[in-house]
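Heads up, the thing below is written out as structure tokens.
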Amino acid sequence: MNTLVNEIKPYEFDEIERRFQERWREEGAFEVSEDKSRPKFYCLEMLPYPSGDIHVGHVRNYCITDVITRFKRMRGFNVLHPIGWDALGLPAENAAIKHGTHPETWTRRNIAGMKAQLQRLGFSYAWSREIATCDPSYYRWNQWFFLKMLEKGIAYRANSPVNWCPSCLTVLANEQAEGGTCWRCNSAIEIRDMEQWFLRITDYQDALLDDMDGLSAWPERVLQQQRNWVGRSSGAEASFPIEGGGTIRIFTTRIDTTYGATFCVLAPEHPMVDTLMTGADQSAKTTLARLRGQDRRARLSGQVEKEGLFTGRYATNPFSGERIPIWVANFVLMGYGTGAIMAVPAHDERDFEFARKYGLRVHPVILPQAAALDGATMAEAYTGPGEVTGSAEFNGLSSETAASRMTAHAKLRAFGGPKTAYRLKDWLISRQRYWGTPIPVVYCDKDGVVGVNESDLPIVLPADAPFTGEGGNPLEKVEAFVKATCPRCGGPARRETDTMDTFVDSSWYFYRYCSPKAEDSPFDKAAVKYWFPIDLYVGGIEHAILHLVYSRFWTKMMKDLGLIDWVEPVARLFPQGMVHKDGEVMSKSKGNTVAPDDVIQRYGADTLRLYILFAAPPELSMEWSETGIEGPHRFLLRVWRVVQKRAGKGWVAKADFRTLSGNGATLRRKVHQTIVRVTGDIDERIHLNTAVAALMELTNEIYRLEEGLRGDSDAAALSEALDTLIVLLSPFAPHACEQMWLDLGHAKSLVDEPWPNADATAMREIATEVAVQVNGKIRARVLVPAGADDAAHKAEALADPGVKAHVEGKTMVKAIIVPGRLINLVVK
RNA sequence: GCCGGAGUGGCGGAACUGGCAGACGCACGGGACUCAAAAUCCCGCGUUGUUCGCAACGUGUGGGUUCGACCCCCACCUCCGGCACCA
């Protein structure tokens, strides 16, 4: 019978965790107000979609923010750490159709379940600020914003070719149909001409790019993706007169090559094509129809072979006066620039490929490094800069100079001028589905499209819509909803049944957290001014474009509405890595998820938190391993045991550490070095894995030295070590630490315990081990007293027998000495 | 093709500003405790050679700069992410 084992209180994590979770909840431990006496810290995580169950992949996101917020709070910050639910959206409606329930029932049930899961993990949320975007008290402000934007012309209705997902039965924004597939279900997108609601995000395209200069704490890869997405390119426009009347407007980034244009190309969808080809024969018309019918996805990705046809018509190059044929071809896209180009095969790869296929003339006008090019024989286009040739008065200029002179010339002669093209399109926000924010407008026979009165908000989703999955938007079938009166003339009107894209909801939710109960405005201006900007935003990299571009746009738009006076919502963005299992990203659709509940049952929430943070740096993907979790669990048990050995023996007041020596001093040095490491790892670098490693090292050191500690000073050093270990560990494993803190004799909760400062004196070493190199190779390690000068370092090195052997009989060229670290003796 | 990021033991990873490569953990091997097992504790753990003192090699490959390179430069290979017929 081992009596020692019986003396130690067992680590009953389930009981401990539930008890402290209950206490934090009762005390409202993480509720905050706009306390101006302390510096604020707003830490945000991307609000989850209540899909049903969370898996450990989600948990990772919340573990990172939880450690940081608990740490910041202990450092004296007034920390806002809110949570909410991105509760509108398609899966709820699909579930309703499948199971015969209501989307709201499904959503509320999922929220309740997921909330319980999050609480079981002990996350430090300000629960009183919880929001759900499906609450009319939330989405009424979506409607309010919409009315403001409608007034300012930022929201508008237009007929245009839009992306239609035949599986989700709704239109999608450009961003959500990238590559021609639906972002949600991957179905191939169809293009339909429909009248839809748009937000004029293109008004902000330059601001979205230029304001990035202020986003120095955003990862470059995210900025790069957003830059690509906005796709700004500077060039020029020019008109090419058509023989027999009209002009073709083209966009180019290489106006310096205009004298080399040997044909023009229009996109098959270009509005002028039909007119130009009125007289064309049947086979040409058949070809055109085929080009128009080609798979848009394949065309966009360049996987379709270049194909085109001659219209039979000619245009005139406005610079050279040259007569060039007009073609229609599938490689020119209607959605970019003007949908028409001047083709310069000698200096553009695509034009070159097309010209060679159809035997069109290749005419070089740029000389690479003054070498001549032959249009008949060149094997590929020359796309670099060079000296302009064959271009009348522009000959001899560099391509750069020629471009600006020719742009000016075009402007002077009124056939063109400078022009910037963008890839970004306006944000299409209407959706033909029920479970979203109703767009607050009515259609009146007399007044047309009219926004509802602000006093009529919110326009609430009717509870009695039929979810059959057939016959379009369920809202259309609710007579009481559709029937409306015109706010302008009071006559009969039909209510809009389209709802908003759910990305509207998530574009400004982080403002709502500042005053979630505000009733006569989307948020309280003073509260928002106090908390903004968001100091740290943690979430998945998959939102680099969609959510983060929309959010930045929304903030800029709100500034123009006079609601705020800044242009960027997020100071620092931290995209966390994904959790993988069996080499694949963990996800519901892959069926490889691990539920936190099972892990908590076996090891406890504290172990789960520690493991997730220890296994990999937060920004890298981590592989979930069933055996790896044993390490952090054993670590926690080791801490528990060494604490329990001292528990109940009373807290030892700080002794006079100046007399400390031997093991006590060694321990104390380690303690204070650990404070420096853990603080830096959490605060600046967010390298939480190495912070945990440092705490493991400290624990190992306590175990190593514990038995050799003697006397009051040593006891005080041990007491300080245990206290510090628990405080530093508490953001990672808060429940166990709260318990151990009590066991060590403290009365108050750790939640507001001040974070320790390192004592520089304690960290000072008496003597340091210094590496000795001879000609760059390590030959020995010698002990050098702290603060020793170069000569003393050198003397210690030369006294070492191992070093002597490598130096003897040779001439000392020089000695490089890095005090306290390294000595390198260079000999010949 | 273009733009980012990365490549370190059997594995996850560490090395912060050019200064002791492999911290911390997993797995594995050995030992203690035990009737036994689990748990725990201790020791070992890059490769090769070894007279057990050490020695040589070693951070994707090849070169370079430097007293000194995982770190900087040049060329290349591989992997991951993004963009891609954007004129």
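- Under the 30°/60° scheme for interplanar angles, the aromatic rings of A:Y11 and A:H633 are found to be tilted.
- Remark: P of B:A69 and CG of A:N775 are 12 Å apart, rounded to the nearest angstrom.
- Side-chain contact annotation: A:R423 with A:N228, donor-acceptor N/O pair under 3.5 Å absent.
- Under the Watson-Crick or G-U wobble criterion, with both distances below 3.5 Å, B:C72 is paired with B:G64.
- No contact: A:E349 has no heavy atom under 4.0 Å from any strand.
- Dense packing is recorded around CD of A:E542, with more than 12 heavy atoms of other residues, nucleotides or ligands lying under 6.0 Å away.
- Using a 4.0 Å heavy-atom cutoff across all strands shown, A:E623 reaches no nucleic acid atom at all.
- Base engagement by A:I816 is indicated by at least one non-hydrogen atom pair under 4.0 Å involving a base atom.
- Taking only side-chain nitrogens and oxygens, A:R779 never comes nearer than 4.0 Å to OP1 or OP2 of B:G53.
- Within the 4.0 angstrom heavy-atom criterion, no nucleotide atom of any strand lies near A:D351.
- In this entry the distance linking CZ of A:R821 with P of B:U17 reads 12 Å, nearest Å.
- Here B:A84 sits opposite no nucleotide as a Watson-Crick or G-U wobble pair (both hydrogen-bonding atom distances under 3.5 Å).
- Taking side-chain N and O atoms only, A:S233 has a distance below 4.0 Å to OP1 or OP2 of B:A87.
- Between the OH atom of A:Y422 and the P atom of B:A87 there is a distance of 13 Å, rounded to whole Å.
- Going from the P atom of B:A38 to that of B:A32 covers 14 Å, rounded to whole Å.
- Across the strands present, B:C57 finds its partner in B:G46; the criterion is a Watson-Crick or G-U wobble pair with both atom distances under 3.5 angstrom.
- Looking at heavy-atom distances under 4.0 Å, A:H580 makes no contact with the nucleic acid at all.
- B:G12: glycosidic angle beyond 90° from 0, hence anti.
- The side chain of A:A693 lies closest to B:C24, out of B:C24, B:C20, B:C41.
- Note: CZ (A:R685) to P (B:A15) measures 5 Å, nearest angstrom.
- When heavy atoms are screened at a 4.0 angstrom cut-off, A:D681 is found touching no nucleic acid atom at all.
- In this structure, A:I541 places its CD1 atom 15 Å from P of B:G4, rounding to the nearest Å.
- Using P as the reference atom, B:G10 and B:C43 are 24 Å apart when rounded to the nearest Å.
- The A:R634 side chain lies nearest to B:U40 when the options are B:A87, B:U40, B:C24.
- Within a 6.0 Å sphere centred on NZ of A:K670, heavy atoms belonging to other residues, nucleotides or ligands number more than 12.
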Check the pair A:M696, A:R638 against side chain to side chain contact (heavy atoms under 4.5 Å, CB included), reporting the backbone distance first and the verdict last. CA-CA 9 Å; A:M696 288 173 167; A:R638 275 164 68 80; over 6 Å; no
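- In A:R685, the CZ atom is crowded: over 12 heavy atoms of neighbouring residues, nucleotides or ligands sit closer than 6.0 Å.
- Contact annotation: A:R677 side-chain N/O to B:C24 OP1/OP2 distance is not under 4.0 Å.
- Counting non-hydrogen atoms under 4.0 angstrom, A:R704 reaches nothing in the nucleic acid.
- Using a 4.0 Å cut-off, some side-chain N or O of A:K777 falls inside it from OP1 or OP2 of B:C57.
- Heavy atoms of A:P219 sit nowhere under 4.0 angstrom from any nucleic acid atom.
- In this structure, the nucleotide among B:A87, B:G25, B:G4 sitting nearest to the side chain of A:Y336 is B:A87.
- A 3.5 Å limit on both hydrogen-bonding distances identifies no Watson-Crick or G-U partner for B:C35.
- The side chain of A:P617 sits closest to B:G13 out of B:A87, B:G25, B:G13.
- As a whole-Å value, the separation of A:L223 CG from B:G82 C1' is 13 Å.
- For B:G10, the paired base is B:C26 (Watson-Crick or G-U wobble, both distances below 3.5 Å).
- Because its glycosidic torsion is within 90° of 0, B:G9 is reported here as syn.
- Checked by atom type, the side-chain pair A:W624/A:E626 shows a donor-acceptor distance below 3.5 Å.
- Comparing A:E630 and A:G339 against RNA chain B, the residue whose closest nucleotide sits nearer the 5' end is A:E630.
- One can find a donor-acceptor pair under 3.5 Å joining the base of B:C67 and the side-chain atoms of A:N824.
- At a threshold of 4.0 angstrom between heavy atoms, the contacts of A:R227 with the nucleic acid are absent.
- Closest contact between the side chain of A:V332 and the listed nucleotides B:G82, B:A87, B:C24 involves B:A87.
- RNA chain B is contacted by both A:R781 and A:G335; A:R781 maps to the nucleotide lying nearer its 5′ end (nearest heavy atom per residue).
- Between A:Y259 and A:F319, the two ring planes are tilted [angle within 30° to 60°].
- Within the 4.0 angstrom heavy-atom criterion, only backbone atoms of the sugar-phosphate kind lie near A:V826; the bases stay farther away.
- Comparing atom distances between the A:R423 side chain and each of B:G13, B:A87, B:C83 picks out B:C83 as nearest.
- A distance of about 33 Å separates the P atoms of B:U51 and B:G68, rounded to the whole Å.
- As rounded to the nearest Å, B:A14 and B:G63 have C1' atoms that lie 29 Å from one another.
- Comparing B:G46 with B:A23, their P atoms are spaced 9 Å from each other, to the whole Å.
- Separating the CD atom of A:E706 from the P atom of B:C42 is a distance of 11 Å, rounded to the nearest angstrom.
- The CZ-P distance, from A:F635 to B:G12, rounds to 23 Å in whole Å.
- Side-chain proximity of A:L822 to B:A87, B:C20, B:A84: nearest is B:C20.
- In summary, the side chains of A:R221 and A:Q224 do not present any donor paired with an acceptor at a separation below 3.5 Å, with no hydrogens or angles considered.
- Distances shown here put a side-chain N or O of A:N689 below 4.0 Å from the OP1 or OP2 atom of B:A14.
- Atom name P, nucleotides B:U17 and B:G12: the rounded distance is 24 Å, in whole Å.
- Look at the C1' atom in both B:G13 and B:A27: the space between them is 14 Å, to the nearest Å.
- Nucleic acid contact for A:Q224: sugar-phosphate only, since backbone atoms but no base atoms lie under 4.0 Å from a heavy atom of the residue.
- Between B:U40, B:C26, B:C24, one nucleotide has an atom nearer to the side chain of A:T627 than all others, and that is B:C26.
- Taking atom P on both nucleotides, B:C74 is separated from B:C80 by 25 Å, rounded to a whole Å.
- Both distances falling under 3.5 Å, in either a Watson-Crick or a G-U wobble arrangement, place B:C79 opposite B:G5.
- Here A:V344 lies out of heavy-atom contact (under 4.0 Å) with every strand.
- Within the cation-pi definition used here (under 6.0 Å to the ring centroid, within 45° of the axis), A:K306 does not qualify as a partner of A:F354.
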